[in-house]
Amino acid sequence: VQLQASGGGDVQAGGSLRLSCTASGRSASRRAMAWFRQPPGKEREFVAAISYSGIRTLYSDSVEGRFTITREDVKNTVWLQMNSLQPEDTAVYFCGLALLPRDRISDYARPDGLDYWGKGTQVTVSS
């Protein structure tokens with residue numbers, strides 16, 4: 001499985017960006033996926049997750065109400081729509097994929113809940 005993330009860039013506070021993550025490979029279809037981010041000098045942190053069916057989603061408190069995770073299985077792609085961006089959203093954003101379904105959506109909110117990771121895409125929000 002390979003994951004390709006894109007859509008990062010520079011934006012002013014209050015602006016929007018949409019990240020995409022496309023999975024490829026034999027086992028890439030219809031898997032739970034998640035977004036994490038790593039701010040400068042900090043640990044990687046959970047942002048959002050979506051179940052393999054798309055029915056269940058989960059967001060971190062810091063992005064709830066501003067970010068939306070969706071998926072389009074025909075394209076094996078997950079998007080992260082980010083609105084009302086703030087300087088504290090500046091980070092490298094990574095997408096991850098879980099091969100096996102887990103009991104709880106919250107299980108994908110930990111790095112060890114995912115099996116594959118893509119290279120990150122940089123998001124920089126200026127004030």
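Hydrophobic clustering of Ile, Leu, Val, Met, Phe, Trp and Tyr side chains at less than 4.5 Å, counting indirect connections, keeps L58 apart from V78. Under the 4.5 Å side-chain contact rule for hydrophobic residues, Y52 and L3 do not share a cluster. Transitive grouping of hydrophobic side chains (ILVMFWY, heavy atoms separated by less than 4.5 Å) brings I50 and V63 into a common cluster.
Screening L17, L80, D10, T90 for a side chain to side chain contact (heavy atoms under 4.5 Å, CB included) involving V123 leaves a single residue, L17.
A donor-acceptor pair shorter than 3.5 Å cannot be found between the side chains of T121 and S6.
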Determine, stepwise, if the pair C21 / M33 fulfils side chain to side chain contact (heavy atoms under 4.5 Å, CB included). CA-CA 9 Å; C21 178; M33 295 178 71; 3.6 Å; yes
Any chance you could lay out the salt bridge (Lys or Arg N to Asp or Glu O under 4.0 Å) test for D73 and R71, step after step, and finish with the verdict? CA-CA 6 Å; D73 290 332; R71 64 185 301 144; 2.8 Å; yes
Pair E72-T70, side chain to side chain donor-acceptor pair (under 3.5 Å): steps then yes or no: CA-CA 7 Å; E72 183 172 349; T70 56; over 6 Å; no
Evaluate the criterion side chain to side chain donor-acceptor pair (under 3.5 Å) for residue pair T77 and T22; output intermediate values, then yes/no. CA-CA 4 Å; T77 297; T22 300; 2.9 Å; yes
Stepwise salt bridge (Lys or Arg N to Asp or Glu O under 4.0 Å) check, R31 with D115: CA-CA 11 Å; R31 306 292 180 183; D115 301 298; over 6 Å; no
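The salt bridge (charged side-chain N to carboxylate O under 4.0 Å, His left out) pairs that include a residue from residues 45-54 are R37-E45, where partners are two or more places apart or lie in different chains.
Considering OG of S53 and CZ of R30, their distance stands at 7.0 Å, rounded to 0.5 Å. A distance of 8.5 Å separates CG of L97 from OH of Y116, quoted to the nearest 0.5 Å. To the nearest 0.5 Å, atom CG of residue D107 and atom CZ of residue R104 are 4.5 Å apart. A distance of 7.5 Å separates OG of S60 from CZ of F67, quoted to the nearest 0.5 Å. A distance of 11.5 Å separates CG in L100 from CG in L114, rounded to the nearest 0.5 Å. The SG atom of C95 lies 9.5 Å from the CD1 atom of I69; values are rounded to the nearest 0.5 Å.
Considering all non-hydrogen atoms of both residues, Q122 and V92 come closest at OE1-CG2, 3.2 Å. Nearest heavy-atom pair across S27 and L99 is CB-CD2, 3.8 Å. The minimum heavy-atom distance between R102 and G113, with the atom names listed, is NE-O, 2.9 Å. Between Y59 and A48, the shortest heavy-atom distance links the atoms CD2-CB, 3.6 Å. For the pair K119 and F94, the tightest heavy-atom approach, listed with the atom from each and the gap, is C-CD2, 4.1 Å. Nearest approach of S20 to W35, heavy atoms of both residues: O-CH2, 3.6 Å.
With sequence neighbours excluded, the residues that form a side-chain contact (heavy atoms from CB on, under 4.5 Å) with Q81 are S16, R18, T68, N83. Scored by the side-chain contact (heavy atoms from CB on, under 4.5 Å) test, S24 finds Q2 as partners (sequence neighbours excluded).
Inter-residue side-chain proximity for I105 and T57 is flagged as unmet; no heavy-atom pair is nearer than 4.5 Å. Between R110 and F46, every side-chain heavy-atom pair lies at or beyond the 4.5 Å cut-off. In this structure, the side chains of L19 and M82 come closer than 4.5 Å at one or more pairs of heavy atoms.
Other residues, nucleotides and ligands contribute at most 12 non-hydrogen atoms within 6.0 Å of the CG atom of D103.
Distance alone, capped at 3.5 Å, is enough to place a donor-acceptor pair between the R66 side chain and the S62 backbone. Side chain of Y108 to backbone of G96: no donor-acceptor contact under 3.5 angstrom is found.
Between W117 and F36, the ring center distance clears the sub-6.0 Å criterion.
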